[in-house]
Student: 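Before I ask anything, let me first share the structure, which is written out below as structure tokens.
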Amino acid sequence: MFAQYIRYLKNRPQLHYKRDLVTKMQNIRNRLMQVLNVCRLCNSVKSCVVRPLPCYFSSTSTMAKSKFDYVRNFEVDDTCLRNCYIVVRLDGRNFHKFSEQHKFTKPNDNRAVGLMTRSARSVMEELEDIIIAYGQSDEFSFVFKRTSNWFKRRASKLMTHVASQFSSSFVFYWKEFFGEQPLLYPPGFDGRVVLYPSNRNLKDYLSWRQADCHINNLYNTVFWTLVQKGKLTTAQAEDRLKGTIAADKNEILFSEFDINYNKEPAIYRKGTTLIWEKHDETVTKQTNGLTVERRDKCVTRSRRIVQAHHCDIIGEEFWQQRSNILEDDGC
Ligand code: GTP
Ligand code: MG
């Protein structure tokens with residue numbers, strides 16, 4: 001049949017692209033001949049050699065595939081609702097134990113905080129559409145812009161990419177922060193996705209995390225001061241703090257240990273907020289010296305970099321000064 005068609009094409013000079021068509025048909029014919037030959041060969045050896053081989057060259061493979069195709073329908077649609085901020089929050093798995101085993105200083109370990117921030121920076125730099133991230137203790141939240149269409153807004157894809165990029169960075173940069181102290185086992189981070197439909201909701205979410213940072217850090221600061229400087233046992237310190245409110249804790253620190261909590265490093269009190277900022281960078285370029293003399297030229301260009309802040313994000317001031325982070329929605 002192919003031979004007939006090729007002959008037919010050759011005898012029709014008026015046909016456009018005739019030569020191309022003839023070549024294509026000849027190629028298809030040659031390919032089919034090859035397949036046929038292999039099939040013949042397989043059939044002749046079928047009885048004494050392997051049985052499944054011929055199925056690669058028959059339609060049964062296609063039929064078999066379609067037989068299994070239905071399993072695709074078990075996948076559920078996890079597309080994030082449009083027009084919402086997508087927040088991915090990661091949290092260290094069993095970091096109570098991890099921090100003990102790696103001798104984190106109490107209540108805060110500078111190396112650990114630095115490594116968490118470095119890993120979060122890597123997430124922002126490597127993944128698209130993250131406008132702001134906030135971290136404290138063993139957690140970090142990443143906010144994707146409302147209009148993001150990254151990975152078709154599929155929650156599982158977004159979350160797993162954030163978690164894996166963060167975890168691998170945590171291991172990759174470990175030495176940069178902990179030097180020769182070895183990483184004893186691979187750390188893990190769980191992740192969750194939460195959607196926030198308005199600027200107000202998103203700001204309240206971030207405020208909630210920062211308030212959590214404040215409560216935990218105030219407690220930990222007093223607790224470990226009572227233990228380290230007040231020489232109380234951990235059980236005694238726990239007892240002492242039972243039923244106290246923030247003002248009581250501030251008072252213990254101030255009157256008994258001469259510590260003004262508000263003067264403690266902001267990085268511990270406020271956590272870390274990462275945002276994109278424009279940064280002017282001056283580089284030296286060499287001019288091409290074919291007609292003019294070769295010489296260095298200073299060029300200034302603007303680059304976006306991830307900048308860390310340790311300030312209050314509960315009040316409006318932070319947002320007013322950086323109105324470009326969130327698109328105005330009147331809420
Ligand atoms: P899961 O998250 O449920 O797996 O438990 P977890 O043990 O990670 O507890 P959680 O996330 O609630 O709290 C984090 C823990 O990490 C804290 O309770 C501390 O024990 C520890 N941690 C985080 N940052 C530091 C730090 O800078 N210094 C010290 N010493 N410990 C820290
Ligand atoms: Mg944890």
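Both ligands and their constituent atoms are indexed starting at 1 by order of listing. When reading the values below, keep in mind they use all heavy atoms of this one structure, side chains included, and skip hydrogens, waters and symmetry mates.
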Student: What residue and heavy atom of the protein are closest to atom 4 (O) of ligand 1, and at what distance?
Tutor: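 Protein heavy atom with the smallest distance to atom 4 (O) of ligand 1: Asn94 N, 2.7 Å.
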Student: With a cut-off of 4.0 Å, which atoms of ligand 1 are near a heavy atom of Arg93?
Tutor: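 Every atom of ligand 1 under 4.0 Å from some heavy atom of Arg93: 4 (O).
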Student: Name the option, out of His102, Lys97, His96, Lys106, that contains the heavy atom nearest to atom 15 (C) of ligand 1.
Tutor: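 Looking at heavy atoms only, the winner is His96.
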Student: Report the protein N/O/S neighbours of the Mg ion (ligand 2) that fall below 2.8 Å; do not count waters.
Tutor: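 Result, waters dropped: Asp91 OD1, Gly92 O, Asp138 OD2.
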Student: Among Phe98, Phe142, Phe95, Phe140, find the one that has a ring pair (Phe, Tyr, Trp, His ring centres under 6.0 Å) with Phe189.
Tutor: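 That would be Phe95.
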Student: Enumerate the residue pairs fulfilling side-chain hydrogen bond (donor to acceptor under 3.5 Å, both in side chains) with a member in residues 89-98, sequence neighbours excluded, ordered by first and then second residue.
Tutor: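 Found Arg89-Tyr205.
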Student: Take the angle between the ring planes of His309 and Phe318 and call it parallel below 30°, perpendicular above 60°, tilted in between.
Tutor: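 The arrangement is perpendicular - the two ring planes meet at more than 60°.
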Student: Nearest 0.5 angstrom please: His214 NE2 to Tyr261 OH, how far?
Tutor: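 One finds 6.0 Å between NE2 of His214 and OH of Tyr261.
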Student: Pairs of nitrogen or oxygen atoms closer than 3.5 Å, one from Asn108 and one from ligand 1: do any exist?
Tutor: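 Looking only at distances, the answer is no, because the N/O contact criterion of under 3.5 Å is not met.
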Student: Evaluate the criterion side-chain hydrogen bond (donor to acceptor under 3.5 Å, both in side chains) for residue pair Arg118 and Tyr173; output intermediate values, then yes/no.
Tutor: CA-CA 8 Å; Arg118 181 66 193 84; Tyr173 295 112; 3.0 Å; yes
Student: Rounded to the nearest 0.5 Å, what's the gap from CG on Asn250 to OG on Ser255? Could you check?
Tutor: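 It is 10.5 Å, given to the nearest 0.5 Å.
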Student: Does anything in residues 64-74 pair up under side-chain hydrogen bond (donor to acceptor under 3.5 Å, both in side chains), and if so which pairs, sequence neighbours excluded?
Tutor: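 The answer is none; no pair qualifies.
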Student: Quick one: does any side-chain atom of Gln136 pair with a main-chain N or O of Lys270 as donor and acceptor, under 3.5 Å?
Tutor: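 Pair absent, no side-chain N/O of Gln136 close to backbone of Lys270.
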Student: What residue and heavy atom of the protein are closest to atom 8 (O) of ligand 1, and at what distance?
Tutor: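 Result: Phe95 N, 2.7 Å.
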Student: Keeping His279 on the side-chain end and Arg304 on the backbone end, is there a donor-acceptor pair under 3.5 Å?
Tutor: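 Side chain of His279 to backbone of Arg304, a donor-acceptor pair under 3.5 Å: no, none is there.
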Student: Is there a nitrogen or oxygen of Asp190 sitting under 3.5 Å from a nitrogen or oxygen of ligand 1?
Tutor: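 Such a contact does not occur with ligand 1.
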Student: Can you report which non-hydrogen protein atom sits closest to atom 27 (O) of ligand 1, along with the distance?
Tutor: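 Result for atom 27 (O) of ligand 1: Asp109 N, 2.9 Å.
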Student: Name the closest protein heavy atom to atom 24 (N) of ligand 1, giving the residue it belongs to and the distance to 0.1 Å.
Tutor: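 For atom 24 (N) of ligand 1, the nearest protein heavy atom comes out as Ser137 OG, 3.9 Å.
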Student: Do me a favour and list the nearest non-hydrogen protein atom to atom 25 (C) of ligand 1 with residue, atom name and distance?
Tutor: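 Result: Phe104 CD2, 3.9 Å.
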Student: Below a 4.0 angstrom heavy-atom separation, can you tell me which part of Thr105, side chain or backbone, both or neither, approaches ligand 1?
Tutor: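 The answer is the backbone.
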Student: Which residue holds the protein heavy atom closest to atom 10 (P) of ligand 1, what is that atom called, and what is the gap in Å?
Tutor: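 Going atom by atom, the protein heavy atom closest to atom 10 (P) of ligand 1 ends up being Asp138 OD2, 4.0 Å.
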Student: Is there a polar contact, in the sense of an N or O pair closer than 3.5 Å, between Gly92 and ligand 1?
Tutor: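 Min N/O separation from ligand 1 is below 3.5 Å for Gly92.
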Student: Tell me the protein heavy atom at minimum distance from atom 19 (C) of ligand 1, and give that distance in Å.
Tutor: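 Protein heavy atom at minimum distance: Ser99 OG, 4.2 Å.
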Student: Is it true that a side-chain atom of Arg153 and a backbone atom of Leu81 form a donor plus acceptor pair closer than 3.5 Å?
Tutor: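 Side chain of Arg153 to backbone of Leu81: a pair is present.
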Student: Answer with side chain, backbone, both or neither: which part of Asp91 has a heavy atom less than 4.0 angstrom from an atom of ligand 1?
Tutor: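 The answer is the side chain.
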Student: Regarding Tyr268 and Asn110, is there a side-chain donor-to-acceptor distance under 3.5 Å anywhere?
Tutor: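 Yes, side-chain donor-acceptor contact under 3.5 Å.
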Student: Can a side-chain donor-acceptor contact be found between Asn201 and Tyr85 if the only test is distance below 3.5 angstrom?
Tutor: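 Judged by distance alone, the side chains do not pair up.
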Student: By salt bridge (charged side-chain N to carboxylate O under 4.0 Å, His left out), which residues pair with Asp190, not counting sequence neighbours?
Tutor: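 For Asp190 there are no salt bridge (charged side-chain N to carboxylate O under 4.0 Å, His left out) partners, ignoring immediate neighbours.
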